[in-house]
Amino acid sequence: MEFIELKNVFKVYTNGVSALADVSLSISKGEFVFVIGESGSGKSTLTKLLYREEKPNRGSVYVGGINVAKLRNSNVYKLRRKIGVVFQDFKLLPKLTVYENIAYPLESYGMKSDEIRNRVLKAVERVGLKDKLRSYPNQLSGGEQQRVCIARAIVNEPKLIICDEPTGDLDPKMSKEIMDVLDTINKDLESTIIMATHDKEIVNRMKKRVIYLHNGVLVSDKKKGNYIEDENI
Amino acid sequence: MKIFRIIRKNVKDAFKSIFRNFSLSMASVSCTSITLILVSIALLVTYNVNSITRSIEDVLTIIVFVDKNATDQDIENVRFQIESNSNVDKKEVIYRTKEEIKESLSEDEDLKSVFDTLDENPIQSAFVVKVKDLKKITDTANSFKNIPFVKQVKYGESLVNRLLSMFDIIRNACIIACIALILVTAFLIGNTIKITIFARRQEIAIMRLVGTSNTVIRMPFLIEGFVLGFIGAIVPILLTIYGYTFLYDYVGGRLFTDLIVLVKPSEIIYATSLVLLIVGGLVGMFGSLRAVRRYLKI
């Protein structure tokens with residue numbers, strides 16, 4: 001079985017909106033995958049299924065051999081400790097410093113403070129924010145805040161990193177920096193990265209696997225693809 | 001130890017949250033304080049009512065006066081009949097001759113001078129009888145009236161009955177008030193925690209996303225509720241200790257008449273304070289648990 005496997009997944013929200021229809025796909029360990037499509041195509045829903053923020057109505061979602069669709073609510077945290085999530089809006093805590101934000105997950109797991117320190121410093125080094133540890137999020141640029149978010153996602157060295165439009169709020173230069181950081185993490189940590197985006201430039205430049213969703217249906221899946229705008233392809 | 005690190009972090013978080021929402025925390029602390037003051041009053045009243053009831057039970061006796069012409073045999077007969085009543089404890093039937101009664105009454109100087117002017121002892125010999133069940137005292141006293149050579153039967157009649165039923169009402173009212181107030185406090189603290197949860201919803205969402213277990217997410221709120229209840233108990237405890245002592249000294253340990261003796265402060269204030277502290281903490285935690293269950297969708 002592959003690291004991630006979706007089999008005939010359907011997702012309809014309670015308001016009647018159909019987000020995914022009969023999606024099946026598999027992703028191997030260490031892959032870097034773009035999930036593209038217009039707004040409302042089901043990209044975010046697909047990523048949310050992987051970290052069990054949403055449950056499919058039908059079908060199965062396997063992550064690391066576990067069917068997360070059947071995971072009990074009280075056990076979801078165990079899955080999330082193995083997954084790093086990067087958000088478009090960063091989701092940083094404004095009253096905590098960069099160091100505290102990155103250390104936050106580890107503290108809540110009850111890890112020892114010197115172990116936390118080691119891991120935070122390592123993560124900060126990877127994203128290049130060593131001199132900003134004592135800053136608060138509102139003192140940082142958008143790109144820097146996103147790097148803090150990435151550092152928080154990788155601090156526990158997860159095997160899977162899910163990014164939901166991480167460059168959506170950033171200018172092209174900052175986006176490129178963020179993508180370089182993610183690419184390095186993918187290579188160094190051998191983490192699988194799944195990134196939902198509609199940033200055409202990034203997808204075309206990176207030459208990674210591209211999964212294209214349209215109205216909740218998987219339309220194309222190419223190994224070294226480009227951004228697809230023509231829905232007939 | 002991992003568990004201690006988590007608890008330490010959560011206690012820190014709880015205190016941070018109390019100070020961050022300071023005005024709200026103070027609002028619920030003052031509500032808790034007011035409630036616990038009332039609980040304290042109810043407890044002190046209940047204690048005193050119980051103690052007064054007990055002391056009345058202790059002093060309340062039926063006096064059975066025996067006819068002057070009764071022989072020793074007749075007196076023994078009266079004793080036998082009194083003792084055979086099921087509401088009478090044999091050990092609590094005491095015969096006092098008129099001389100004994102006169103002697104004890106003569107300890108009072110005024111009465112002694114009255115007795116000295118009289119040629120004959122005007123007092124009758126009597127049995128002093130304690131009953132087991134105070135509520136049946138009227139029936140028991142009436143049954144003694146039919147015994148031969150019994151001249152008169154006396155006891156506190158209507159006063160006793162009225163006092164006892166009044167105490168029953170006071171005690172029950174206090175218990176009901178205590179329970180109602182505790183529920184109100186739990187509700188108030190629950191509301192505060194609800195607002196704390198609301199204020200921290202972003203933080204909670206992030207905690208869930210980064211894989212914090214539900215127990216750890218809930219813990220700071222439970223601790224916060226406990227601490228709020230605990231702080232809320234401080235003022236009521238001080239009032240209990242100093243207020244009750246002051247009141248006791250002010251009225252000289254007796255209320256209205258010498259019959260109603262109040263419980264000494266040292267006997268109840270510390271126990272009451274402990275109860276307030278525990279009730280405050282537990283009620284806070286209970287209120288918080290309710291809010292966490294309802295508003296923390298995890």
Side-chain angles (χ1 to χ4, degrees), chain A residues 47-48 50-54 68 71-87 89-96 100-116 119 123 137 148-164, chain B residues 1-25 193 195-227 288-298:
Chain A
T47 57
K48 281 178 182 167
L50 296 175
Y51 60 91
R52 237 311 292 279
E53 184 69 3
E54 295 291 345
V68 298
L71 204 60
R72 286 170 59 181
N73 279 350
S74 54
N75 284 330
V76 169
Y77 76 94
K78 290 178 188 162
L79 168 78
R80 298 216 174 132
R81 287 185 186 187
K82 294 175 187 153
I83 300 176
V85 189
V86 181
F87 306 93
D89 58 354
F90 323 132
K91 294 201 194 298
L92 300 176
L93 290 164
K95 288 182 182 169
L96 301 187
E100 289 165 339
N101 261 293
I102 300 170
Y104 196 77
L106 303 181
E107 273 179 6
S108 75
Y109 305 163
M111 203 177 266
K112 280 184 190 159
S113 55
D114 43 349
E115 166 112 38
I116 292 176
R119 288 193 182 211
V148 178
C149 183
I150 294 173
R152 185 181 63 191
I154 62 168
V155 74
N156 204 24
E157 302 193 349
K159 287 290 151 217
L160 173 62
I161 297 169
I162 295 167
C163 311
D164 193 0
Chain B
M1 285 280 282
K2 189 173 157 187
I3 184 77
F4 290 123
R5 279 197 294 274
I6 290 175
I7 290 173
R8 201 177 59 196
K9 181 184 182 306
N10 284 325
V11 170
K12 223 167 80 183
D13 280 356
F15 275 97
K16 252 192 225 165
S17 164
I18 288 171
F19 285 106
R20 203 175 290 161
N21 309 310
F22 191 73
S23 51
L24 194 73
S25 301
I193 300 295
I195 294 167
T196 313
I197 290 174
F198 191 70
R200 290 181 61 188
R201 65 195 185 286
Q202 189 195 5
E203 204 178 324
I204 293 164
I206 293 170
M207 281 171 109
R208 291 175 54 210
L209 285 170
V210 300
T212 309
S213 69
N214 291 349
T215 320
V216 175
I217 294 177
R218 283 192 195 112
M219 211 190 280
F221 298 107
L222 296 185
I223 294 172
E224 190 179 334
F226 184 79
V227 171
S288 172
L289 192 71
R290 204 177 130 265
V292 165
R293 280 226 183 111
R294 193 179 273 194
Y295 302 104
L296 206 63
K297 299 235 158 43
I298 47 178

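Only a predicted model underlies this, so the values are computations on that prediction, with no experimental measurement involved.
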Which atoms of B:Leu209 are under 4.5 Å from chain A, going by heavy atoms: the side chain, the backbone, both sets, or neither?
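Contact with chain A involves both backbone and side-chain atoms of B:Leu209.
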Which residue out of A:Gly110, A:Pro158, A:Ala153 racks up the most heavy-atom pairs below 4.5 Å with chain B?
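Heavy-atom pairs under 4.5 Å are most numerous for A:Gly110.
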Only counting residues at least two apart or in another chain, list the ones meeting side chain to side chain contact (heavy atoms under 4.5 Å, CB included) with A:Ala151.
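A:Ile102, A:Ala123, A:Val127.
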Applying side chain to side chain contact (heavy atoms under 4.5 Å, CB included), can you list everything that pairs with B:Phe19, at least two apart in sequence or on another chain?
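In terms of side chain to side chain contact (heavy atoms under 4.5 Å, CB included), with neighbours along the sequence ignored, B:Phe19 is linked to B:Phe15, B:Phe22.
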Report yes if some heavy atom in the side chain of A:Val68 is under 4.5 Å from a heavy atom in the side chain of A:Leu50; otherwise report no.
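SC-SC contact between A:Val68 and A:Leu50 ruled out.
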Side chain / backbone / both / neither for A:Leu79 at chain B, heavy atoms under 4.5 Å
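Contact with chain B: none, neither part.
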Between chain B and chain A, which N and O donor-acceptor pairs fall under 3.5 Å? A table would be great.
unit_1   : atom_1 : unit_2   : atom_2 : d
B:Arg5   : NE     : A:Gly110 : O      : 2.9
B:Arg5   : NE     : A:Met111 : O      : 3.4
B:Arg5   : NH2    : A:Gly110 : O      : 3.0
B:Glu203 : OE2    : A:Tyr104 : OH     : 3.2
B:Arg208 : O      : A:Arg80  : NH1    : 3.0
B:Val210 : O      : A:Tyr109 : OH     : 2.4
B:Gly211 : O      : A:Arg81  : NE     : 2.7
B:Gly211 : O      : A:Arg81  : NH2    : 3.3
B:Thr212 : OG1    : A:Ser108 : OG     : 2.8

Which pair of heavy atoms, one from B:Ser25 and one from B:Ile18, lies closest together, and at what distance?
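In this case the closest contact between B:Ser25 and B:Ile18 is OG-O, 2.9 Å.
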Nearest heavy-atom pair of A:Pro137 and A:Leu96: which atoms, and what distance?
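Of all heavy-atom pairs spanning A:Pro137 and A:Leu96, the closest is CD-O, 3.1 Å.
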Between CD1 of B:Ile197 and CD1 of B:Ile204, what distance do you get to the nearest 0.5 Å?
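Going from the CD1 atom of B:Ile197 to the CD1 atom of B:Ile204 covers 6.0 Å.
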Quick one: list whatever passes ring pair (Phe, Tyr, Trp, His ring centres under 6.0 Å) with B:Phe226, sequence neighbours left out.
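Ring pair (Phe, Tyr, Trp, His ring centres under 6.0 Å) list for B:Phe226, sorted by chain: B:Phe230.
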